Structures are given as structure tokens and as C-alpha cells.
Amino acid sequence: MPDTQTRSFRLGVAGPVGTGKSSLIATVCRALADEIAIGVITNDIYTDEDARLLKAAGVLDPERIRAVETGACPHTAIRDDVTENLLAVEDLERDFAPLDLVLIESGGDNLTATFSPALIDAQIFVLDVAGGGDVARKGGPGIGRADLLVVNKTDLAPHVGVDLPQMVSDATAAREGGPVLALSRHDDVSVAALKDWVLSMIAAHRVGDHTPIDPGPMAPHFHADDSESGGFTHSHDHDHSHDHSHSH
């Protein structure tokens with residue numbers, strides 16, 4: 001059993017590209033950096049772009065933001081073989097001990113990315129209104145079983161023709177009543193609700209009241225490459241985590 005008194009609370013942030021994962025992390029840092037000690041790990045396939053953007057935002061000491069370049073499938077590094085991320089987290093915890101919170105941003109690019117409970121204590125899955133009001137109904141392990149589902153960029157809803165209450169209702173139904181937070185970084189009430197949720201999870205972790213859950217393996221998904229078939233379908237279930245079948 002890890003020593004929850006000295007080990008940080010490790011919070012994963014997953015969701016499709018463009019939903020505002022980095023923005024959500026920056027929002028958490030802005031809201032809490034004066035109250036608790038925070039570190040951030042980002043995951044990108046070949047770059048450290050997310051880490052550089054967060055450093056440029058000035059929400060945290062740049063030394064506390066580290067990048068893991070995953071190569072190939074970014075989901076492998078948060079689910080099947082979490083070694084590189086785990087080492088990055090432990091290095092950060094050692095360099096800035098004691099940290100209260102380490103946020104780990106997935107390099108996920110679809111609706112199915114989930115973190116292994118071997119890496120994180122809890123996970124947030126991020127959707128945004130610009131992705132369409134029906135996206136929450138599509139389900140998947142992240143939407144259905146992450147510890148918190150965030151519907152992000154709610155301020156854009158009127159501009160993209162999304163019925164926000166309906167989207168939140170659909171998301172709540174998909175999660176069978178699990179927590180859903182409609183968030184805009186420009187809305188102080190929703191930012192305060194996110195802050196309260198994070199602090200409550202840290203508190204539960206410290207007293208041993210929170211058990212990390214595994215939302216389940218992500219669905220098979222397609223990776224483009226330079227092969228004749230244009231790419232391969234890749235799955236992450238435990239029996240076939242390294243299967244690659246080229247599409248024809």
C-alpha cells in the first residue's frame with residue numbers, strides 16, 4: 001500500500017484532441033497553486049508541445065511541468081506500459097517533495113482513452129460542446145466510468161447550437177448518475193466546483209477512502225501510417241495489447 005501521506009494524489013486527464021485538456025489543467029493550477037503543491041506530466045506522441053503551452057501560460061513553476069514523449073500510440077503509455085509515466089511522476093514527487101497533486105495529461109485522440117489504475121488514483125474525462133451535443137451519448141469507458149466527466153467550454157454552447165442542459169442530461173444518463181461538471185474557465189462558479197471536487201478527492205485519498213478504479217480497456221482504434229493499407233487497427237485489451245491488424 002503506497003504511503004498516501006507522502007505520495008501525491010495522481011489525477012489523470014483524458015479526452016479527445018481539442019476538448020481543452022491542457023486548458024482544464026491550467027484552470028486547476030490557477031485555482032489551487034496558492035493552496036497546494038502541484039506538478040504536471042504531459043503526454044505527446046513526438047513533441048513536448050502541451051508542456052510548453054502550459055509553461056507559457058505561467059500557471060505553475062515551469063520546472064514542475066514535465067513532458068513524456070510517448071512515440072507511436074499515446075494510449076499505451078497511460079494504460080498498457082505506464083513505466084515511463086510512473087518514473088516521471090516519481091521523479092517529480094522526489095524533486096518537489098511533498099507534492100499534493102500531480103496532474104497527468106493523456107495524449108489521447110479519441111473517445112476511448114483510459115488510464116491504468118497502476119498510474120493514477122482518479123481520472124477526469126473531458127468532452128467539449130464544440131464536439132457536438134450528441135457526443136456524450138456515444139459512451140465508452142472514459143465517458144461512462146471516469147471519476148468525473150467534464151463538459152468543457154460551456155460558454156461556446158450558444159455559438160455552436162448545442163443544448164447544454166440536454167448534453168449534461170445525456171452525459172449523466174450515460175454515467176448512470178456519476179458526476180458530470182459543466183465547465184467554462186470564464187465561469188467562476190464552475191471553476192469553484194472543479195476546485196472543490198479536486199480538493200475532496202485529495203482529502204479522500206489521504207485518509208484512504210478512495211480506491212482507484214479501472215474504467216476498462218479502450219476500444220480498438222485506428223492509427224494511420226505509411227503502409228500500403230494506410231494504417232492499422234490497434235487494441236488495448238489485456239490479452240491482445242500488442243495486436244496490430246492492418247486494415248484492407
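The model shown is predicted, which means the values in this text are computed figures rather than measured ones.
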Practice item. Scan side-chain atoms only and decide if S184 and D187 contain a donor-acceptor pair under the 3.5 Å cut-off. Key: no

Review point. How far apart are the C-alpha atoms of L11 and I124, what are their side-chain angles, what is the distance that settles it, and do they pass the side-chain contact (heavy atoms from CB on, under 4.5 Å) test?
Key: CA-CA 7 Å; L11 178 60; I124 296 174; 3.9 Å; yes

**Study point:** Shortest non-hydrogen separation from L127 to A136 and the atoms involved
**Key:** CD1-CA, 3.9 Å

Review point. Does P16 offer a backbone N or O that forms a donor-acceptor pair with the side chain of K21 under 3.5 Å?
Key: yes

Study note, to complete from the structure: Sorted by chain and number, sequence neighbours left out, side-chain hydrogen bond (donor to acceptor under 3.5 Å, both in side chains) with T154 holds for none

Exercise for review: Drop me the distance from T76's OG1 to E84's CD, to the nearest 0.5 angstrom.
Suggested key: 11.5 Å

Exercise for review: Would you name the heavy atoms of A51 and A67 that are closest together and state the gap between them?
Suggested key: CB-CB, 3.7 Å

Check your understanding: Quick one: does D121's side chain have a donor or acceptor within less than 3.5 Å of a partner on R10's backbone?
Key -> yes

Check your understanding: Of all residues at least two apart in sequence or in a different chain, which pass the salt bridge (charged side-chain N to carboxylate O under 4.0 Å, His left out) check with D155?
Key -> none

Revision key, fill the gap. Closest heavy-atom pair, T19 versus G15, reported as atoms and distance to 0.1 Å, is OG1-C, 4.1 Å

Review point. Near R175 CZ, under 6.0 Å, is it more than 12 heavy atoms from other residues, nucleotides or ligands?
Key: yes

Check your understanding: When rounded to the nearest 0.5 angstrom, what is the spacing between CG in D147 and CE in M201?
Key -> 4.5 Å

Check your understanding: Got a second to check how far T114's OG1 is from I143's CD1, nearest 0.5 Å?
Key -> 12.0 Å

Point to revise | Cluster check L183, L156: I/L/V/M/F/W/Y, side chain < 4.5 angstrom | key: no

For residues 26-36, which side-chain N or O atoms pair as donor and acceptor with protein atoms under 3.5 Å away, sequence neighbours left out?
residue, atom, partner, partner atom, Å
T27, OG1, S23, O, 2.9
E35, OE2, K195, NZ, 2.5

**Study point:** Smallest separation among heavy atoms of V162 and M167, with atom names
**Key:** CG1-SD, 3.9 Å

Exercise for review: Determine, using the 4.5 Å side-chain heavy-atom cutoff (strictly less than), whether L164 and F125 are members of one ILVMFWY cluster.
Suggested key: yes

Review point. Would you find a donor on one side and an acceptor on the other, under 3.5 Å apart, between the side chain of D44 and the backbone of D50?
Key: yes

Point to revise | Linked, directly or transitively: I120 and I41 (ILVMFWY side chains, under 4.5 Å) | key: yes

Can you give me every donor-acceptor pair (side chain of residues 94-103, partner residue at least two apart or in another chain, under 3.5 Å) with its distance?
residue, atom, partner, partner atom, Å
R94, NH2, D91, OD1, 2.6
D95, OD2, R66, NH1, 3.3
D95, OD2, R66, NH2, 2.9
D100, OD1, R206, NH2, 2.3
D100, OD2, A37, N, 2.7

Check your understanding: Does any pair with a residue in residues 125-141 pass salt bridge (charged side-chain N to carboxylate O under 4.0 Å, His left out), and if so which ones, sequence neighbours excluded?
Key -> D128-K153, R137-D170

Practice item. For the pair S169 (side chain) and P165 (backbone), establish whether a donor and an acceptor sit closer than 3.5 Å, ignoring hydrogens and angles. Key: no

Practice item. Calculate, to the nearest 0.5 Å, the distance between atoms CG and CG belonging to D48 and N43 respectively. Key: 12.0 Å

Exercise for review: Group every Ile, Leu, Val, Met, Phe, Trp and Tyr by side-chain heavy-atom contacts under 4.5 Å, then state whether L92 and L87 land in the same group.
Suggested key: no

Practice item. Please name all residues satisfying side-chain hydrogen bond (donor to acceptor under 3.5 Å, both in side chains) with N152, sequence neighbours left out, ordered by chain then number. Key: none

Revision key, fill the gap. All heavy atoms of L149 vs all of A171, minimum pair found to be CD2-CB, 3.5 Å

Review point. Any chance the side chains of S22 and E105 put a donor and an acceptor closer than 3.5 Å?
Key: yes

Review point. According to the interplanar angle, ranging from 0 to 90°, do the rings of H210 and F9 count as parallel (below 30°), tilted (30 to 60°) or perpendicular (above 60°)?
Key: perpendicular

Review point. Do I38 and V191 belong to the same hydrophobic cluster, where Ile, Leu, Val, Met, Phe, Trp and Tyr are linked whenever their side-chain heavy atoms lie under 4.5 Å apart, directly or via other members?
Key: yes

Practice item. Check L194, V198, V13, V180 against L148 for a side-chain contact (heavy atoms from CB on, under 4.5 Å) and give me the one that passes. Key: L194

Review point. At their closest point, which heavy atom of F115 faces which heavy atom of D214, and how far apart are they?
Key: O-OD1, 4.4 Å

**Study point:** Nearest-0.5 Å distance that lies between atom CD1 in I104 and atom OG in S8
**Key:** 7.5 Å

